[in-house]
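Notes follow once the structure below has been shown.
In this text, all values refer to a predicted model and were calculated from it rather than measured experimentally.
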Amino acid sequence: MSDVAVQEGEFVGEAASQTGEFVGEAAPETGEFVGGAAVQGGEHVGEAVVPAASDLWSALRRRTQARIGLGRAGSALPTRHRLALQAAHAAARDAVHSPFAPDVIAAALPGTPTVRVRSTASDRLTYLQRPDLGRRLDPVDRAHLPTGEWDVVFVVADGLSSRAVHEHAAVVVRETTARLGGWNVAPVVLAEQARVALGDDVAHAMGAAMAVVLIGERPGMSAADSLGAYLTHRPVPGTTTDADRNCLSNIRPPRGLSYERAAAKLAALMVRARELGLTGVGLKDDFGHEEEFERLL
């Protein structure tokens with residue numbers, strides 16, 4: 001299939017498809033690379049018969065958000081895929097730099113008391129350059145936190161994706177607390193310029209036995225709206241480490257973990273953490289209480 005041109009008269013390397021995308025030594029009509037041969041509805045092309053390559057790539061793409069089987073246009077990505085990549089990069093940057101709007105979270109939690117705090121990072125640039133400052137609670141805000149014998153405090157933190165927090169955090173709070181019958185839940189803390197460890201400072205200052213930090217995760221090129229939930233039992237500022245936490249990641253339906261499953265899993269972990277008096281590496285999500293998980297689900 002060498003020295004072939006597309007229907008519009010453009011020659012592309014040694015082979016071309018009707019889309020004009022170069023795909024090695026041969027190409028299907030979709031322009032998807034399939035090694036040294038390609039198909040056009042299952043026809044023999046070159047030296048091999050490859051049944052419906054486009055269908056194979058399509059089936060794989062339905063199971064992952066990874067960028068696979070994109071084809072080539074000369075030595076580069078096809079234009080549409082390059083534009084999609086640039087759009088994903090822009091979305092990731094926007095997620096990192098978009099300002100946190102605690103009013104959005106508070107409005108989505110009607111009837112739930114909320115408290116607003118800041119870390120010691122004075123602005124976004126400082127927050128990004130000095131992660132340590134995002135782990136410390138502003139002293140003035142600490143002094144205004146309510147105290148009590150709380151079983152748990154939920155901390156909604158902007159993290160590295162305010163978008164994720166705005167879209168998902170309030171629902172996760174509502175779904176989880178609905179599964180915590182009899183628990184004494186503290187007012188929800190809305191934290192700006194915050195890292196995960198800020199929850200240690202908040203829980204310690206409020207007297208809460210457990211902290212659940214819902215935070216925007218670092219955006220990638222396939223997801224800019226991923227929410228993480230970090231559970232810590234009896235956190236101590238400056239002493240508690242990541243090994244003392246449990247994490248649920250990629251909460252972002254419909255592509256990621258659903259609100260219902262995230263809340264059920266989180267509530268089940270919280271119940272078990274209270275029984276064992278610990279979180280982290282000693283607490284597994286396969287603890288054998290499947291009936292408890294199913295009940296909470």
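Between I215 and V165 there is no side-chain heavy-atom pair separated by less than 4.5 Å. The shortest distance between side-chain heavy atoms of R272 and L283 falls below 4.5 Å. M270 has its side chain out of reach of R274: every pair of non-hydrogen atoms, C-beta onward, lies at least 4.5 Å apart. Side-chain contact between L160 and L128 is present, with at least one heavy-atom pair separated by less than 4.5 Å.
Salt bridge status for D201 with R142: present, with a side-chain N to carboxylate O gap under 4.0 Å. Ion pairing of D103 with R116 is present here, as a side-chain N (NZ or NE/NH1/NH2) and a carboxylate O approach within less than 4.0 Å.
Taking CZ from R130 and CG from L125, the interatomic distance works out to 12.0 Å, rounded to the nearest 0.5 Å. Between the NZ atom in K265 and the CG atom in L231 there is a gap of 13.0 Å [rounded to 0.5 Å].
Crowding of R93 atom CZ: a count of heavy atoms from other residues, nucleotides or ligands under 6.0 Å not exceeding 12. Annotation for H97: atom NE2 counts as buried by contact number, over 12 foreign heavy atoms lying within 6.0 Å.
A cation-pi arrangement, defined by a distance under 6.0 Å to the six-membered ring centre and an angle within 45 degrees of its axis, is present between R195 and Y127.
Y259 pairs by the ring-ring contact (aromatic ring centres under 6.0 Å, His included) definition with H168, not counting sequence neighbours. For D141, the salt bridge (Lys or Arg N to Asp or Glu O under 4.0 Å) partners at least two apart in sequence or on another chain are R118. Considering only residues two or more places apart in sequence or on other chains, A84 meets the side chain to side chain contact (heavy atoms under 4.5 Å, CB included) condition with none of them.
Without hydrogens or angle criteria, S119 side chain to Q193 main chain gives a donor-acceptor distance under 3.5 Å. Of the possible polar contacts, none joining the T176 side chain to the V173 backbone as a donor-acceptor pair under 3.5 Å is found. Not a single donor-acceptor pair under 3.5 Å links the side chain of D138 to the backbone N or O of T120. With E217 contributing its side chain and N250 its backbone, the two residues share a donor-acceptor pair below 3.5 Å. Proximity of a side-chain donor or acceptor of S161 to a complementary backbone N or O of A95 within less than 3.5 Å is not detected. The backbone N or O of A108 lies less than 3.5 Å from a partner atom in the side chain of R174, making a donor-acceptor pair. At distances below 3.5 Å, not a single donor-acceptor pair connects side-chain atoms of S162 with backbone N or O atoms of D158.
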Q: List the steps, then state whether side chain to side chain contact (heavy atoms under 4.5 Å, CB included) holds for V236 with D200.
A: CA-CA 6 Å; V236 178; D200 302 345; over 6 Å; no
For residues 145-157, which side-chain N or O atoms pair as donor and acceptor with protein atoms under 3.5 Å away, sequence neighbours left out?
from, atom 1, to, atom 2, distance (Å)
W150, NE1, M206, O, 3.4
D151, OD2, N184, N, 2.6

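Sorted by first and then second residue, the side-chain hydrogen bond (donor to acceptor under 3.5 Å, both in side chains) pairs with a member in residues 230-243 read T232-R245, T241-D244, D242-R245; sequence neighbours excluded. Within the structure, salt bridge (charged side-chain N to carboxylate O under 4.0 Å, His left out) contacts touching residues 219-231 (residues at least two apart or in different chains) are D225-R252.
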